[in-house]
Trainee: 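First, the structure itself, so that you have it in front of you.
Residue numbering restarts at 1 for every chain, and letters A, B, ... go by the order of the sequence lines.
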2 protein chains.
Amino acid sequence: MTKATLPGLTLCNNATLRRAGRKLGRFYDDVLAPSGLKGTQYGLLYQIHIGSEPAMGAIAEALIMDLSALGHTLKPLIRDGYVEAFADKDDRRVKRVRLTPQGGLKLNEATKLWTIAQQRFEAMVGKDQAAKLRAALDAIAALDFDMPPAR
Amino acid sequence: MTKATLPGLTLCNNATLRRAGRKLGRFYDDVLAPSGLKGTQYGLLYQIHIGSEPAMGAIAEALIMDLSALGHTLKPLIRDGYVEAFADKDDRRVKRVRLTPQGGLKLNEATKLWTIAQQRFEAMVGKDQAAKLRAALDAIAALDFDMPPAR
DNA sequence: TTCAATTAGTGGCATATGCCACTTTCACGA
DNA sequence: TCGTGAAAGTGGCATATGCCACTAATTGAA
């Protein structure tokens with residue numbers, strides 16, 4: 001009973017997902033550490049990168065993240081000069097963001113590290129196993145949890 | 001291109017896991033809301049419940065969570081009277097925790113809600129699919145990410 | 001044109017997590 | 001027995017996320 005301190009190997013899908021998330025998150029964070037970015041920040045820079053000066057709302061939707069949470073997460077990246085925001089020309093309510101030249105460089109730098117983490121992980125679980133896992137997770141992300149509260 | 005704003009369906013295992021985690025987390029949180037507990041707190045109370053007055057370190061290990069993070073997460077639960085801590089009789093460095101009677105009641109109350117969330121989720125993805133997913137996630141949680149930094 | 005409803009963000013507050021620097025206890029070997 | 005190093009937590013600081021109450025800008029209908 002030394003390390004098998006897991007009597008009830010939680011049947012909770014949410015708890016299991018979070019636990020694996022903490023573990024994997026730390027791994028990616030460790031590998032990305034030399035770049036000074038956290039896994040989340042890397043993902044956010046990437047998302048901005050592949051978008052066309054995306055609006056905050058668009059990013060939040062793509063990442064299935066609360067809009068205000070995105071705003072908070074974006075702050076350190078703007079503060080450090082990796083991202084810059086500007087108002088949309090046609091709708092001043094909309095705030096768009098883009099990477100600064102510095103942000104672009106940082107993304108490239110971090111991508112090299114990310115590749116290492118990604119390869120190391122897939123070498124352990126298998127490339128297809130990883131792909132299947134991502135597919136399953138994307139399926140969850142696409143689920144429509146609703147109806148219950150009597151519409 | 002309205003809702004398919006996901007050009008690069010992220011290949012990053014970490015980002016995919018986090019995204020699904022946010023989605024699922026909100027679902028469980030919503031269903032658990034009437035109890036006043038968050039999904040994480042419910043999981044923590046449960047973990048304490050199934051343990052024998054577990055030491056903080058044991059809980060942290062089981063949940064693959066940083067010890068200090070556990071300490072922080074535990075605070076609101078202690079503040080609200082659901083959990084109480086006490087020093088181990090033989091080793092004063094060790095701090096053990098247990099549910100208070102109130103905590104036990106709250107856990108029962110929340111478990112009813114949790115069951116609903118769990119069932120609703122599994123009704124959507126399938127019971128075996130969910131089990132497979134948990135198995136895959138547990139496998140990740142059990143991985144040994146090491147060696148690289150030249151030991 | 002005017003005003004109510006809607007949309008996009010912001011700020012404040014609270015929890016979730018980590019890392020690091022300490023402090024307190026123990027365990028052990030000299 | 002003393003002193004050094006390991007083990008278990010705590011506190012502070014920073015990011016990650018959410019919800020709620022608001023504000024600013026738009027859109028639409030009367």
Side-chain angles (χ1 to χ4, degrees), chain A residues 14-15 17-30 32-33 36-45 47 54-61 63-80 82-83 85-97, chain B residues 14-15 17-30 32-33 36-45 47 54-61 63-80 82-83 85-97:
Chain A
N14 184 46
L17 185 51
R18 289 185 86 82
R19 184 163 59 208
R22 285 190 290 270
K23 177 89 171 203
L24 194 61
R26 273 201 268 186
F27 172 60
Y28 274 77
D29 278 358
D30 287 348
L32 284 172
L37 294 178
K38 307 292 232 50
T40 330
Q41 303 182 312
Y42 173 72
L44 183 48
L45 286 188
Q47 188 65 39
M56 289 192 56
I59 300 175
E61 190 184 347
L63 299 182
I64 307 183
M65 172 181 241
D66 183 89
L67 179 58
S68 74
L70 171 63
H72 300 150
T73 303
L74 220 38
K75 263 175 199 165
L77 294 174
I78 291 178
R79 177 201 60 198
D80 297 338
Y82 299 142
V83 176
F86 58 99
D88 180 281
K89 294 304 176 189
D90 304 314
D91 188 336
R92 268 171 301 178
R93 283 174 306 180
V94 176
K95 192 164 86 170
R96 294 176 175 286
V97 295
Chain B
N14 184 48
L17 185 52
R18 290 185 84 83
R19 183 164 58 208
R22 285 190 289 270
K23 178 89 171 204
L24 194 61
R26 274 199 266 185
F27 172 59
Y28 275 77
D29 278 358
D30 287 347
L32 284 172
L37 294 177
K38 306 292 231 51
T40 329
Q41 303 182 312
Y42 172 72
L44 183 47
L45 286 188
Q47 188 66 38
M56 290 192 55
I59 300 175
E61 191 183 347
L63 298 183
I64 306 184
M65 171 180 243
D66 183 88
L67 179 58
S68 75
L70 171 62
H72 299 150
T73 303
L74 220 38
K75 264 175 200 164
L77 294 175
I78 291 178
R79 178 200 59 199
D80 297 338
Y82 299 142
V83 176
F86 57 100
D88 180 282
K89 293 304 175 189
D90 305 315
D91 188 337
R92 268 171 301 176
R93 284 174 305 179
V94 175
K95 192 164 87 170
R96 293 177 174 286
V97 295

Trainee: Hey, what do you get for CG (B:L74) to CD (B:Q41), rounding to the nearest 0.5 Å?
Mentor: 10.0 Å

Trainee: Checking contacts here: which listed nucleotide (D:dG9, D:dT15, C:dT17) is nearest the side-chain heavy atoms of A:K38?
Mentor: D:dT15

Trainee: Between C:dG18, C:dT15, D:dG9, which nucleotide has the shortest distance from any of its atoms to the side chain of B:M65?
Mentor: C:dG18

Trainee: Let me confirm one number: the OG1-CD distance from A:T40 to A:Q47, rounded to the nearest 0.5 Å.
Mentor: 13.0 Å

Trainee: Between B:V94 and B:A55, which heavy-atom pair has the shortest distance, and what is it?
Mentor: CG1-CB, 3.5 Å

Trainee: For B:L32 and C:dA16, what is the distance between atoms CG and P respectively, to the nearest whole Å?
Mentor: 12 Å

Trainee: Can you tell me how far the CG atom of B:L37 sits from the CG atom of B:L32, to the nearest 0.5 Å?
Mentor: 7.0 Å

Trainee: Strictly below 4.0 Å: does A:R26 bring a side-chain N or O up to OP1 or OP2 of C:dC19?
Mentor: yes

Trainee: Report the residue (A:L70 or A:D90) whose heavy-atom-nearest nucleotide on DNA chain D is the more 5′ of the two.
Mentor: A:L70

Trainee: Roughly, in whole Å, what's the span from OH in B:Y82 to P in C:dT15?
Mentor: 12 Å

Trainee: Compare every heavy atom of A:D66 with every heavy atom of B:R26, then report the nearest pair and how far apart it is.
Mentor: NH2-N, 3.8 Å

Trainee: Between the main-chain N or O of B:K38 and the side-chain N or O of B:D29, is there a donor-acceptor pair closer than 3.5 Å?
Mentor: no

Trainee: Tell me the interatomic distance from B:I59, atom CD1, to D:dT10, atom P, rounded to whole angstroms.
Mentor: 11 Å

Trainee: Quickly work out the B:D30 CG to D:dT17 C1' distance and round it to whole Å.
Mentor: 13 Å

Trainee: Let me check I have this right: for DNA chain C, each base becomes ., (, ), [, ] or |, based on Watson-Crick or G-U pairs with both distances under 3.5 Å. What is the full string?
Mentor: ||||||||||||||||||||||||||||||

Trainee: Once you round it to whole Å, what is the distance between C1' of D:dG18 and CZ of B:F27?
Mentor: 17 Å

Trainee: Specify the separation, in whole Å, of atom CD1 of B:I78 and atom P of D:dG11.
Mentor: 11 Å

Trainee: Taking the nucleotide of DNA chain D with the closest heavy atom to each, which residue, A:A69 or B:V94, is nearer the 5' end?
Mentor: B:V94

Trainee: What's the separation between atom CG in A:L17 and atom CZ in B:R18, rounded to the nearest 0.5 Å?
Mentor: 11.0 Å

Trainee: Under 3.5 Å, which protein N or O atoms sit close to an N or O of nucleotides 12-14 of chain C? Give each pair with its distance.
Mentor:
residue : atom : partner : partner atom : Å
C:dG12  : O6   : A:H72   : NE2          : 3.4

Trainee: Among B:T73, B:I59, B:L44, whose side-chain contact (heavy atoms from CB on, under 4.5 Å) with B:M65 holds?
Mentor: B:T73

Trainee: With heavy atoms under 4.0 Å as the rule, sort A:D66 into base, sugar-phosphate or nothing.
Mentor: base

Trainee: Taking CG from B:L67 and C1' from C:dA16, how many angstroms apart are they, rounded to a whole number?
Mentor: 15 Å

Trainee: Both B:T40 and A:K75 contact DNA chain C. Taking the nearest nucleotide for each, which residue is further toward the 5' end?
Mentor: A:K75

Trainee: Any donor-acceptor pair under 3.5 Å linking the side chain of B:R22 with the backbone of A:L63?
Mentor: yes

Trainee: Determine: side-chain N/O of A:T73 to OP1/OP2 of D:dT15, distance under 4.0 Å, yes or no.
Mentor: no

Trainee: For nucleotides 3-7 of chain C, print each protein N/O atom paired with a nucleotide N/O atom at under 3.5 Å, atom names and distance only.
Mentor:
residue : atom : partner : partner atom : Å
C:dT7   : O4'  : A:R93   : NH1          : 3.1
C:dT7   : O2   : A:R93   : NH1          : 3.0

Trainee: Quick check for you: to the nearest 0.5 Å, what is the distance between A:K95 atom NZ and A:L67 atom CG?
Mentor: 9.0 Å

Trainee: Report the nucleotide, chosen from D:dA25, C:dT10, C:dT17, that has the shortest atom-to-atom distance to any side-chain atom of A:R22.
Mentor: C:dT17

Trainee: Rounded to the nearest 0.5 Å, what's the gap from CZ on A:R19 to CG on A:L24? Could you check?
Mentor: 14.0 Å

Trainee: Would you say C:dA8 has OP1 or OP2 under 4.0 Å from some side-chain N or O of A:R92?
Mentor: no

Trainee: Short question: side chain of A:D80, backbone of A:Y82 - any donor-acceptor pair under 3.5 Å?
Mentor: no

Trainee: What nucleotide among D:dG9, D:dA16, C:dT17 has an atom nearest to a side-chain atom of A:R18?
Mentor: C:dT17

Trainee: Atom CZ of A:R96 to atom P of C:dG9: distance rounded to whole Å?
Mentor: 9 Å

